[in-house]
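Inspection log for the structure reproduced underneath, given as structure tokens.
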Amino acid sequence: MDSREKSVEHKFMTEKYIGIVDEPNPKGSKDTLDIYRHADALTEFIRKTSTPMAIGIQGEWGSGKTSLLNAIYYALEKEGGKFLQIWVNSWEHSLLTTPEETLLKIINAIIHEMVLGDDNKARQSNIMESTGNIIKGALRIGATVVGGSKGLEVADEMLRTNVNSIKELREQLVSLAEEIQARNTNPAEKIIIYVDDLDRIEPKEAVLVLELLKNIFSIPNCVFLLAIDYQVVVKGLEHKFGKRTEENDWEFRAFFDKIIQLPFLMPMGEYNKGKYVSNLLTQIGFIDSRESFEEPLDRVLGWTIGGNPRSLKRLVNSLALINILIGIEDDEDISELSVKEEYGVNEYVKDMLHFTLVCLQI
């Protein structure tokens with residue numbers, strides 16, 4: 001092993017891990033995008049709103065919808081059981097299942113979480129029996145449909161032929177929600193239901209989930225937070241309204257407005273991109289101090305990549321790899337010190353040029 005290989009090996013053994021994992025901010029994590037004030041406002045709205053209420057958290061893929069939901073969940077969790085919170089990841093329910101099974105698993109998961117703490121065992125049994133009957137009926141309907149995606153046919157048929165069953169189930173859920181609020185032990189003022197990753201499932205199925213949620217869960221004391229990209233809703237409705245145009249745009253919007261009472265668009269234009277990225281760059285060792293970089297980083301990102309957090313993480317990972325390559329090339333060719341001596345480039349300017357060129361390249 002030559003001296004260069006030993007140097008690189010030693011560097012990897014002694015330095016901390018680099019590379020930014022593409023995961024939402026966990027509950028209670030530090031806010032470097034400065035978006036928690038929006039989470040605080042939404043949390044206060046949830047505390048005080050009338051019910052039933054459906055809030056649509058809208059934003060493109062990777063815009064931070066799940067991180068925002070996590071912040072709301074964490075804030076309400078600290079209030080001593082005043083809120084019964086149910087989290088459903090619709091994408092996980094869609095894995096290795098048919099479209100109609102995905103729809104029904106999501107509904108079943110929400111109901112199952114609601115009845116877990118029900119002291120009235122007879123009502124608990126009745127609710128699960130009603131849910132089971134609706135699901136079995138829908139699956140029988142699905143089995144008779146031949147070819148293609150069956151979710152649309154199943155949901156339409158389910159809503160037409162199970163009107164009385166759905167009405168009965170809704171009444172049972174109303175009773176349960178009222179009991180949860182009134183019970184002496186662990187009373188919950190509201191039931192908060194988070195439905196995440198709707199825009200990761202097939203658009204038609206995402207639209208059907210919204211319809212089924214509207215039909216079954218329009219009950220008092222319930223607040224829904226639905227994370228979805230409006231463009232997914234548009235795609236999911238094209239079979240009904242055709243391609244969206246200026247003439248038929250109102251039909252797409254009317255469908256969405258019928259289900260969502262409070263639309264909230266992820267405020268990517270207000271994200272503190274410089275603070276967020278400088279924090280990530282410090283983590284990977286690209287820069288040593290954040291303060292002097294935040295404002296120029298924000299300007300460069302505004303002109304180039306924008307504020308999507310997922311895109312910004314990909315940028316930082318690219319910089320981490322390039323930094324390693326530069327380190328290897330410096331060992332082989334010319335030292336960093338001699339570059340600065342020859343051209344008069346200080347550390348700050350060098351890092352900003354490096355950062356800006358990679359942003360332009362991406």
Determine whether Val195 and Leu225 make a side-chain contact, defined as any pair of heavy atoms from C-beta on separated by less than 4.5 Å. no

Is there a path from Ile362 to Phe355 through hydrophobic residues (I, L, V, M, F, W, Y) whose side chains come within less than 4.5 Å of each other? yes

Could you walk me through whether Glu60 and Asn308 pass side-chain contact (heavy atoms from CB on, under 4.5 Å), step by step? CA-CA 8 Å; Glu60 65 185 46; Asn308 184 298; 2.7 Å; yes

SG of Cys359 to CG of Leu312: how many Å apart, nearest 0.5 Å? 8.5 Å

Hydrophobic clustering (ILVMFWY, side-chain heavy atoms < 4.5 Å, transitive) - are Tyr74 and Tyr194 grouped together? no

Heavy-atom distance under 4.5 Å between the side chains of Leu76 and Lys82, does that happen here? no

Pair Lys243 + Glu238, salt bridge at N-O below 4.0 Å: yes

Is it the case that the side chain of Lys313 and the backbone of Glu23 share a donor-acceptor pair, with hydrogens and angles ignored and the cut-off at 3.5 Å? yes

Could you check whether the rings of Trp87 and Tyr73 sit parallel, tilted or perpendicular, using 30° and 60° as the cut-offs? perpendicular

Closest heavy-atom pair and its distance - Ala39, Ala71: CB-CB, 3.8 Å

Take atom CZ in Arg47; do more than 12 heavy atoms of anything else shown fall under 6.0 Å from it? yes

dist Leu33:CG -> Glu270:CD (nearest 0.5 Å) comes out at 12.0 Å

Intermediate values then yes/no, side-chain contact (heavy atoms from CB on, under 4.5 Å), Phe255 and Leu237: CA-CA 9 Å; Phe255 173 89; Leu237 289 171; 3.5 Å; yes

Under the 3.5 angstrom rule, does the side chain of Thr245 hit a backbone N or O of Glu247 as a donor-acceptor pair? yes

Are the side chain of Lys65 and the backbone N or O of Ile57 linked by a donor-acceptor pair below 3.5 Å? no

Carefully, step by step, assess Asp40 and Thr43 under the rule side-chain hydrogen bond (donor to acceptor under 3.5 Å, both in side chains). CA-CA 5 Å; Asp40 291 342; Thr43 301; 5.3 Å; no

Run the numbers on Val207 and Val232 for side-chain contact (heavy atoms from CB on, under 4.5 Å), then give the verdict. CA-CA 8 Å; Val207 166; Val232 171; over 6 Å; no

Roughly how far, to the nearest 0.5 Å, is CD1 of Ile86 from CD1 of Ile192? 9.5 Å

With heavy-atom distances below 4.5 Å as the criterion, would you say the side chains of Ile191 and Phe83 are in contact? no

Taking side chain as C-beta onward, heavy atoms only, is Leu68 less than 4.5 Å from Met266? yes

Check: Ile46 main-chain N/O paired with Thr49 side-chain donor or acceptor under 3.5 Å: no

Applying side chain to side chain donor-acceptor pair (under 3.5 Å) between Asn272 and each of Asn279, Asp34, Asp298, report the one that passes. Asp34

Any donor-acceptor pair under 3.5 Å from Ser90 side chain to Leu198 backbone: yes

Rounded at 0.5 Å granularity, tell me how far CG in Leu226 sits from CG in Asp197. 12.5 Å

Non-hydrogen side-chain atoms of Ser278 and Ile287 separated by less than 4.5 Å: yes

Smallest separation among heavy atoms of Met352 and Pro296, with atom names: CE-CB, 3.8 Å

In terms of hydrophobic clustering (I, L, V, M, F, W, Y; side-chain heavy atoms under 4.5 Å; direct or indirect links), are Leu210 and Phe241 co-clustered? yes

Can a salt bridge be assigned to the pair Arg200 and Glu205 using a cut-off of 4.0 Å between side-chain N and carboxylate O? no

Has Lys235 got more than 12 heavy atoms of other residues, nucleotides or ligands less than 6.0 Å from its NZ? no

Would you find a donor on one side and an acceptor on the other, under 3.5 Å apart, between the side chain of Asn317 and the backbone of Arg314? no

Derivation of the side-chain contact (heavy atoms from CB on, under 4.5 Å) call for Thr51 and Cys222: CA-CA 6 Å; Thr51 58; Cys222 278; 5.7 Å; no

List the atom of Met268, the atom of Ser63, and the distance in Å for their closest heavy-atom pair. SD-CB, 3.7 Å

Any non-hydrogen side-chain atom of Gln85 less than 4.5 Å from a side-chain atom of Lys190? no

Take the angle between the ring planes of His38 and Phe264 and call it parallel below 30°, perpendicular above 60°, tilted in between. tilted

Evaluate the side-chain proximity of Ile259 to Phe224: yes if any heavy-atom separation is below 4.5 Å, no if none is. no

For the residue pair Ser311 and Ile305, establish whether any side-chain heavy-atom pair is separated by less than 4.5 Å. yes

Are Met53 and Leu265 connected in a single hydrophobic cluster, I mean Ile/Leu/Val/Met/Phe/Trp/Tyr linked by side-chain heavy atoms less than 4.5 Å apart? no

How far does OH of Tyr230 sit from CD of Gln58, to the nearest 0.5 angstrom? 8.0 Å

Please check if the side chain of Thr32 supplies one atom and the backbone of Tyr276 the other of a donor-acceptor pair under 3.5 Å. no

Between Leu301 and Val349, is there shared hydrophobic-cluster membership here, with clusters defined by ILVMFWY side-chain heavy atoms closer than 4.5 Å? yes

Under the 3.5 angstrom rule, does the side chain of Asp196 hit a backbone N or O of Ala227 as a donor-acceptor pair? no

